[in-house]
Amino acid sequence: MNITVVEANTSELLDACFAIRMAIFVEEQGVSASDEFDAFDALGTEARHILLYVDGVPAASSRLRIVEQVAKLERICVMLDYRKHGLGRVLINKLEEMARKDGLEKAKLHAQVQASGFYERLGYAPASDVFMEDGIPHLLMTKKLNLETSSLRSKLACNSKKTPLSSLRQ
């Protein structure tokens, strides 16, 4: 399996990100489209969107914003058929790599409570009580970014491109 991650810097790539988010957040989880899509969902905004392909098929997406000198990882989603294969980890690694290149030392995200264990395994720690966002329980989670983990995670992300999808686990 070939895994490729690209920055969604064209309308076509951004539309592929939106299709994934529509399938997961709106159709699967019941979030209204008006809550899911916002002013940062356009080319030329402060948000940077990434799209992950498996064998040329769009399989996952996410976006990165800088809020008060902190990397805010958002809209992290993997299509149902591609879950439990380590793709979420690849997305997070890429977002963290982008944040480090921007000189950021801290990352945060709003984790759905049901996915908080996944983020904890990636080094994120809860930083709030449970709160509701779009009708789904969430936690604010944070992580200190450093250069040592940047090199290691980049190597892991590169190696995952050569690893069969069936052997990757989230």
Side-chain angles (χ1 to χ4, degrees), residues 1-31 33 36-37 40-43 47-65 71-102 104 107-125 136 138-139 141 143 145-170:
M1 299 286 172
N2 183 31
I3 299 170
T4 308
V5 181
V6 299
E7 190 160 345
N9 54 11
T10 67
S11 295
E12 180 181 63
L13 293 172
L14 202 54
D15 286 346
C17 291
F18 297 163
I20 292 170
R21 287 172 45 194
M22 181 68 79
I24 294 166
F25 294 122
V26 177
E27 295 169 13
E28 181 183 321
Q29 297 184 351
V31 174
E36 174 54 28
F37 298 98
F40 302 111
D41 289 323
L43 294 173
R48 295 168 61 193
H49 299 259
I50 61 172
L51 179 61
L52 183 149
Y53 291 92
V54 175
D55 293 333
V57 177
S61 73
S62 56
R63 75 179 187 192
L64 173 69
R65 291 191 307 124
K72 187 166 187 227
L73 287 57
E74 301 177 321
R75 307 310 203 263
I76 301 157
C77 54
V78 178
M79 294 295 287
L80 184 60
D81 290 344
Y82 295 97
R83 292 183 194 154
K84 304 295 182 190
H85 297 291
L87 301 182
R89 178 182 303 270
V90 174
L91 283 177
I92 298 300
N93 289 344
K94 180 62 176 177
L95 293 169
E96 289 176 356
E97 176 187 314
M98 292 165 62
R100 285 185 192 94
K101 284 182 179 176
D102 287 344
L104 302 175
K108 68 179 180 178
L109 53 85
H110 292 180
Q112 292 184 10
V113 170
Q114 55 88 15
S116 62
F118 164 73
Y119 295 111
E120 286 177 1
R121 288 189 298 277
L122 295 177
Y124 286 81
I136 300 169
H138 282 73
L139 283 170
M141 300 186 80
K143 178 180 178 178
L145 303 175
N146 60 52
L147 293 177
E148 287 178 23
T149 57
S150 175
S151 298
L152 176 61
R153 291 195 192 288
S154 292
K155 288 177 187 172
L156 289 172
C158 288
N159 288 340
S160 71
K161 292 179 183 177
K162 300 173 189 167
T163 304
L165 185 62
S166 61
S167 69
L168 296 173
R169 292 289 174 244
Q170 212 174 38

Between F118 and I92, is the side-chain contact (heavy atoms from CB on, under 4.5 Å) condition met? List the steps. CA-CA 11 Å; F118 164 73; I92 298 300; 4.2 Å; yes

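- Residue pairs satisfying the side chain to side chain donor-acceptor pair (under 3.5 Å) criterion with at least one member in residues 51-62, sequence neighbours excluded, are absent.
- For residues 7-19, the set of pairs meeting the side chain to side chain donor-acceptor pair (under 3.5 Å) definition, not counting sequence neighbours, comprises E7-R48.
- Listed by chain and residue number, L51, P58 satisfy the side-chain contact (heavy atoms from CB on, under 4.5 Å) test with A16 (two or more places apart in sequence, or in another chain).
- Considering only residues two or more places apart in sequence or on other chains, Y119 meets the side-chain hydrogen bond (donor to acceptor under 3.5 Å, both in side chains) condition with none of them.
- Nearest approach of A8 to L14, heavy atoms of both residues: CB-N, 3.9 Å.
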Distance-only check: which donor-acceptor pairs under 3.5 Å involve side-chain atoms of residues 17-28, not counting sequence neighbours?
{"from": "R21", "atom 1": "NE", "to": "E36", "atom 2": "OE2", "distance (Å)": "2.6"}
{"from": "R21", "atom 1": "NH1", "to": "D41", "atom 2": "OD1", "distance (Å)": "2.8"}
{"from": "R21", "atom 1": "NH2", "to": "E36", "atom 2": "O", "distance (Å)": "2.9"}
{"from": "R21", "atom 1": "NH2", "to": "E36", "atom 2": "OE2", "distance (Å)": "3.0"}
{"from": "R21", "atom 1": "NH2", "to": "D41", "atom 2": "OD1", "distance (Å)": "3.4"}
{"from": "R21", "atom 1": "NH2", "to": "D41", "atom 2": "OD2", "distance (Å)": "2.9"}
{"from": "E28", "atom 1": "OE1", "to": "R83", "atom 2": "NH2", "distance (Å)": "2.9"}
{"from": "E28", "atom 1": "OE2", "to": "R83", "atom 2": "NH1", "distance (Å)": "2.9"}
{"from": "E28", "atom 1": "OE2", "to": "R83", "atom 2": "NH2", "distance (Å)": "3.3"}

Let me see the working for L73 and Y124 under side-chain contact (heavy atoms from CB on, under 4.5 Å), right down to the final yes or no. CA-CA 12 Å; L73 287 57; Y124 286 81; 3.4 Å; yes

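- By the salt bridge (Lys or Arg N to Asp or Glu O under 4.0 Å) test, K72 is found to be paired with E74, residues two or more places apart in sequence or in another chain being considered.
- A cation-pi arrangement is present between R65 and F40 under the rule of less than 6.0 angstrom and at most 45 degrees off the ring axis.
- Residues M98 and I50 have side chains in contact (heavy-atom distance under 4.5 Å, counting atoms from C-beta outward).
- To the nearest 0.5 Å, atoms CG (L64) and CG (D102) are separated by 7.0 Å.
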